[in-house]
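In what follows, every heavy atom counts, from backbone to side chain, and hydrogens, waters and symmetry copies are set aside.
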Amino acid sequence: RPRRAPPRPAAPRGAPLPAPALPAPGRRPPGAPGELLLTHHAPGGGRLTLRVLDPDADLDVLHAWVTRPWARFWGLGDLSRTELRDLYAYVGSLPTHHAFLVRWDDAPVALLQTYEPEHDPGGEAYADAPGDGGLHFLLGGRGPRGADLWAAVGPLVVAFCLADPRVDRIVVEPDAANERAHARMRALGFQVAERVRVGEKDALLAFLSRDRARDLLDQAERAAALE
């Protein structure tokens, strides 16, 4: 879930920590709002796409998702539409934090956020290493009837995060009480490290190395080759 930073006049409520003016060398530029970055063939048919989040065009989807009871761990359910739009516009302006929307055909199914741990409260909870890349994800849709959504979206998410050659390990820190997120990260092969305190929450810290993700990357490569 996104981090809430100490109040600062320049940043909207719910924003991550401020970042330096330029991105770290070698990190992927985020792209323009709505820009298509990745396309995969979905198991059973259809197409999965990953685009840069557009805080204006995607606001209806965002607000509908974060205000649902099951999204309470995301921590943004009390924001107004304007506050939510401003938050993600701010995230989109940072070189170290990026947000993306995954669709199955035309239907939005997941919100993905990446961050550099050294510029996020998550990085204060452990000894971050060069090559670490942080990840938050929210499944908002269900996909086609009968589809195993996470089995389809998970490999795409991992492949996208590790497409940056500077990222050697994906870091997640879901709420310690968020058992659904724990099951999803374990299904992808994340290894749980320890329970940590991140901002206002108790979290479960877990890692997925590039070597451990090799099978998922091969699966994603096959899905991309079908396009």
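- The minimum heavy-atom distance linking Thr67 with Gly77 is given by the pair CG2-O, 3.7 Å.
- Considering all non-hydrogen atoms of both residues, His182 and Pro174 come closest at CD2-CG, 3.8 Å.
- With values rounded to the nearest 0.5 angstrom, Glu173 atom CD is found 9.5 Å from Leu135 atom CG.
- Note that the NE2 atom of His63 and the OG1 atom of Thr82 stand 9.0 Å from one another [nearest 0.5 Å].
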Criterion side-chain contact (heavy atoms from CB on, under 4.5 Å) on Asp60 and Arg81, from CA distance to verdict
CA-CA 8 Å; Asp60 287 344; Arg81 288 174 58 87; 2.8 Å; yes

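- Sorted by first then second residue, the salt bridge (Lys or Arg N to Asp or Glu O under 4.0 Å) pairs that include residues 98-112, not counting sequence neighbours, are Asp58-Arg103.
- Arg169 places a side-chain heavy atom less than 4.5 Å from the side chain of Asp132.
- Leu216 contributes atom CG, which lies 10.5 Å from atom CZ of Arg214 (distance to the nearest 0.5 angstrom).
- Annotation: the span from Trp104 atom CH2 to Leu149 atom CG amounts to 6.5 Å, rounded to 0.5 Å.
- By the criterion of side-chain heavy atoms lying less than 4.5 angstrom apart, applied directly or through intervening Ile, Leu, Val, Met, Phe, Trp or Tyr residues, Leu188 is grouped together with Val192 in one hydrophobic cluster.
- Atom CZ of Arg180 has 12 or fewer heavy atoms from other residues, nucleotides or ligands within 6.0 Å.
- Considering every non-hydrogen atom in both Thr49 and Thr39, the closest pair reads CG2-OG1, 4.0 Å.
- At distances below 3.5 Å, not a single donor-acceptor pair connects side-chain atoms of Arg85 with backbone N or O atoms of Pro55.
- For the atom pair CZ (Phe190) and CG (Leu204), the distance works out to 12.0 Å, reported to the nearest 0.5 Å.
- Leu48 and Leu36 fall into different hydrophobic clusters, where Ile, Leu, Val, Met, Phe, Trp and Tyr side chains are chained together by heavy-atom contacts under 4.5 Å.
- What you find for Leu138 and Val66 is that their closest heavy atoms are CD2-CG1, 4.5 Å.
- Nearest heavy atom pair, residue Ala159 against residue Ala220, reads CB-CB, 3.5 Å.
- A donor-acceptor pair is defined here as one N or O able to donate and one able to accept, closer than 3.5 Å; such a pair exists between the side chain of Arg212 and the backbone of Gly189.
- For the pair Trp65/Trp74, no side-chain contact is recorded, criterion being any heavy-atom separation below 4.5 Å from C-beta on.
- Side-chain atoms of Thr114 and Phe100, non-hydrogen and from C-beta on, do get closer than 4.5 Å to each other.
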Passes side-chain contact (heavy atoms from CB on, under 4.5 Å), Phe160 versus His40? Steps please.
CA-CA 11 Å; Phe160 179 72; His40 276 190; over 6 Å; no

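- To the nearest 0.5 Å, atom NE2 of residue His136 and atom NE2 of residue His97 are 7.0 Å apart.
- Between Tyr126 and Val171 there is a side-chain heavy-atom pair separated by less than 4.5 Å.
- Minimum heavy-atom separation, Arg197 to Ala125: O-CB, 3.5 Å.
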Stepwise, does the side-chain contact (heavy atoms from CB on, under 4.5 Å) test hold for Leu38 with Leu156?
CA-CA 8 Å; Leu38 191 63; Leu156 176 144; 3.8 Å; yes

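- Partners of Asp168 by side-chain hydrogen bond (donor to acceptor under 3.5 Å, both in side chains), not counting sequence neighbours: none found.
- Each side chain to side chain donor-acceptor pair (under 3.5 Å) pair with one or both residues in residues 138-148, not counting sequence neighbours, would appear here, but there are none.
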Let me see the working for Phe207 and Gln191 under side-chain contact (heavy atoms from CB on, under 4.5 Å), right down to the final yes or no.
CA-CA 5 Å; Phe207 303 99; Gln191 295 179 297; 5.6 Å; no

